[in-house]
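Predicted model, so just to flag it, every value in this text is computed and none were measured. Protein chains get the first letters and strands the later ones, always in sequence-line order, with residue 1 at the start of each.
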Amino acid sequence: MHDIKAIRENPAEYDALWAKRGLEPQSKRILDQDKLIRKAMQVVQEAEAARNKSSKLIGQAMAKGDKEEAERLKTEVAGAKNVIAAMGAQVDSEKGQLQKLLSELPNVPFEDVPEGEDEDSNVELHTWGEPTKLGFEPKDHADLGEALGMMDFETAAKMSGSRFVVLSGLLSRLDRALAAFMLDIQTGEHGYVEHTPPFLVWDKALYGTGQLPKFEEDLYKTTADHYLIPTAEVSLTNIVRETIVASETLPRRMTAHTPCFRSEAGSAGRDTTGMIRQHQFNKVELVSIVKPEDSEAEHKRMLGCAEEVLKRLELPYRVVELCTGDLGFGARRTFDIEVWLPSQDTYREISSCSNCGDFQARRMNARYKFAEKDNRFVHTLNGSGLAVGRTLVAVLENYQNEDGSITVPKALVPYMGGIEVISA
RNA sequence: GGAGACGUGGCCGAGUGGUCGAAGGCGCUCCCCUGCUAAGGGAGUAUGGGUCAAAAGCCCAUCGAGGGUUCGAAUCCCUUCGUCUCCGCCA
């Protein structure tokens with residue numbers, strides 16, 4: 001959500017930043033609408049003031065027993081009520097339109113975010129490790145998992161259709177081990193507090209984080225009007241919705257290991273096989289609630305927290321900064337971490353860390369005490385630390401042996417009960 | 001799922017149609033008094049919005065949320081969310 005006051009004051013600045021995301025200038029129609037509303041509101045408020053005043057006089061007249069005066073005043077009020085009803089309806093409708101305009105406009109990028117139309121303009125910031133050299137033809141994770149007899153897409157399809165999987169045995173355990181490993185790092189070393197939040201949320205929670213109203217088709221909705229979370233970012237960030245947090249509790253760092261549900265509407269044909277793109281996957285999510293002045297530093301810190309997991313697992317990766325055209329709806333800046341996948345001979349996204357500024361905070365009315373009588377919007381950040389499913393994919397592919405077995409990364413052996421190799 | 005009770009300002013709590021944005025208490029802020037301690041006295045203390053160059057002022061809205069009845073709603077009605085009690089069911 002955007003600050004209408006800020007747009008009033010700097011319309012050109014907003015237009016320039018939106019232009020970087022490929023949007024037409026928006027501020028003129030926003031401000032026109034804003035003017036329209038305020039003008040109509042004045043009329044309504046004057047009528048309301050007149051009604052209130054006359055109503056009080058009616059009360060006094062009744063008390064005195066002056067029925068005639070009371071009746072005369074009632075007709076006066078009736079006139080005011082007509083104005084209130086007619087103009088009030090107009091105000092509501094105009095406000096709705098402005099609200100729709102504002103709620104569907106994406107966040108503005110920071111000034112120094114690289115400009116570009118699409119992912120081709122993303123900027124590589126750094127790499128870690130060397131792309132894995134196997135010395136034999138690498139298999140992809142699906143082939144490896146199926147050969148091990150621990151990854152079954154067909155069985156999943158029988159009950160749930162495409163883009164689902166049944167893991168079993170040691171791969172199932174690997175999934176659990178990875179999640180526990182990640183949580184231990186983020187909670188034990190990076191100060192994130194573990195949470196177990198709802199996986200089903202209302203529309204207003206999704207509106208708060210920005211998935212709604214624009215991206216409803218990406219979500220699963222229950223018959224009871226709940227949505228399945230597409231990421232724990234929704235649940236964790238909404239923890240501070242409609243609250244004024246004490247400033248000494250900031251930064252507030254939260255993590256959660258949850259399933260994520262995505263309809264993947266519009267991605268038909270992409271990553272159709274394997275575990276890369278599923279309707280359901282597990283993720284360890286990181287969310288930070290911070291003061292505005294701390295958000296850029298916190299963003300870098302969060303990126304480091306996510307990177308640390310890959311370093312411990314000794315999985316090669318690179319970090320890219322998304323260009324303006326590739327930014328998500330709520331983000332002012334985003335760093336993606338991409339892990340090396342031998343079967344695809346390329347890096348694939350495994351984490352995305354975004355600074356949303358006060359965009360989500362405004363939408364969910366999350367503030368902190370800046371000073372006595374001055375509550376300001378917090379900044380919110382979220383990042384994967386990491387996507388568990390894709391990490392499992394990366395482990396399988398990078399740690400595969402020629403015979404199809406998988407060496408367990410050293411850091412993970414304790415989490416696997418001492419097992420060092422996964423084989424059929 | 002059935003029956004019932006409740007939801008008021010930072011907190012507690014009064015308020016069943018008018019002069020209530022809301023008594024009282026606690027807390028907090030400022031001032032006074034008191035040579036310590038304890039206590040006492042006074043004033044102030046919600047949020048969002050409109051108007052204004054700005055402030056003051058004025059005005060509008062807000063008593064969980066949304067709608068309705070009424071000249072007028074914290075108070076009456078409906079819907080909804082939440083909390084609590086009892087019963088039922090259940091991992």
Pairwise C1' distance, B/U62 and B/A54 [rounded to whole Å]: 27 Å
Could you check whether atom CD of A/E420 has more than 12 heavy atoms from other residues, nucleotides or ligands sitting under 6.0 Å from it? no
Salt bridge (charged side-chain N to carboxylate O under 4.0 Å, His left out) partners of A/R176, counting only residues at least two apart: none
Each nucleotide of nucleotides 52-79 of chain B classed B (base within 4.0 Å of a protein heavy atom), S (only sugar-phosphate) or -, in 5' to 3' order, makes -------BBS---------BS-------
For A/K204 and B/U80, give me the distance from atom NZ to atom P, rounded to whole Å. 16 Å
Should we count CD of A/Q99 as having more than 12 external heavy atoms under 6.0 Å? yes
So among A/Q33, A/K39, A/R38, which one has a side-chain hydrogen bond (donor to acceptor under 3.5 Å, both in side chains) with A/E94? A/Q33
P spacing across the pair B/A55 / B/G48, given as an integer number of angstrom: 14 Å
Without swapping roles, check the side chain of A/H257 against the backbone of A/N282 for a donor-acceptor pair under 3.5 Å. no
Given the C1' atoms of B/G66 and B/G82, what is the spacing between them in whole Å? 15 Å
If I pick the C1' atom on B/U34 and the same atom on B/C28, what distance separates them, to the nearest angstrom? 22 Å
Name all residues meeting the salt bridge (charged side-chain N to carboxylate O under 4.0 Å, His left out) criterion together with A/E233; count only those two or more places apart in sequence or in a different chain, and write none if there are none. none
Qualifying residues under salt bridge (charged side-chain N to carboxylate O under 4.0 Å, His left out), relative to A/E264, sequence neighbours excluded: A/R277
Donor-acceptor pair, A/D175 side chain versus A/L392 backbone, under 3.5 Å? no
Does the side chain of A/S354 come under 3.5 Å of the side chain of A/N382 through a donor N or O and an acceptor N or O? no
When all nucleic acid strands are considered with a 4.0 Å heavy-atom cut-off, which category describes A/K95: base, sugar-phosphate, or nothing? nothing
Rounded distance in Å - CG (A/N365) to P (B/G49): 10 Å
What is the distance from CE of A/M87 to P of B/G50, rounded to the nearest Å? 16 Å
Members of residues 28-39 of chain A that approach RNA chain B, where some heavy atom sits under 4.0 Å away: A/R38
Pairing string, 5' to 3', for RNA chain B - Watson-Crick or wobble contacts under 3.5 Å, brackets [ ] where pairs cross, | to another strand: ((((((((.[[[..)..(.....]]]((((((.......))))))((((((.....)))))).[[[[[..)....]]]]])))))))....
Please measure how far the C1' atom in B/U37 lies from the corresponding atom in B/A56, and state the result in whole Å. 44 Å
Could you tell me how far B/C52 sits from B/G42 if I compare only their P atoms? Round to whole Å. 42 Å
Just call it for A/R362: base, sugar-phosphate, or nothing, with non-hydrogen atoms closer than 4.0 Å on any strand. nothing
Distance between P atoms of B/A46 and B/U29 (Å, rounded): 15 Å
Indicate whether any N or O donor in one side chain lies under 3.5 Å from an N or O acceptor in the other, for A/E76 and A/S54. yes
Under 4.0 Å between a side-chain N/O of A/R367 and OP1 or OP2 of B/G48, yes or no? yes
Between C1' of B/U47 and CD1 of A/I244, the distance in whole Å: 9 Å
Would you measure the distance from the C1' atom in B/G15 across to the matching atom in B/A73 and give it in whole Å? 13 Å
Are A/K221 and A/D203 close enough for a salt bridge, meaning some N to O gap below 4.0 Å? no
Salt-bridge criterion met for A/R312 and A/E189 (N-O under 4.0 Å): yes
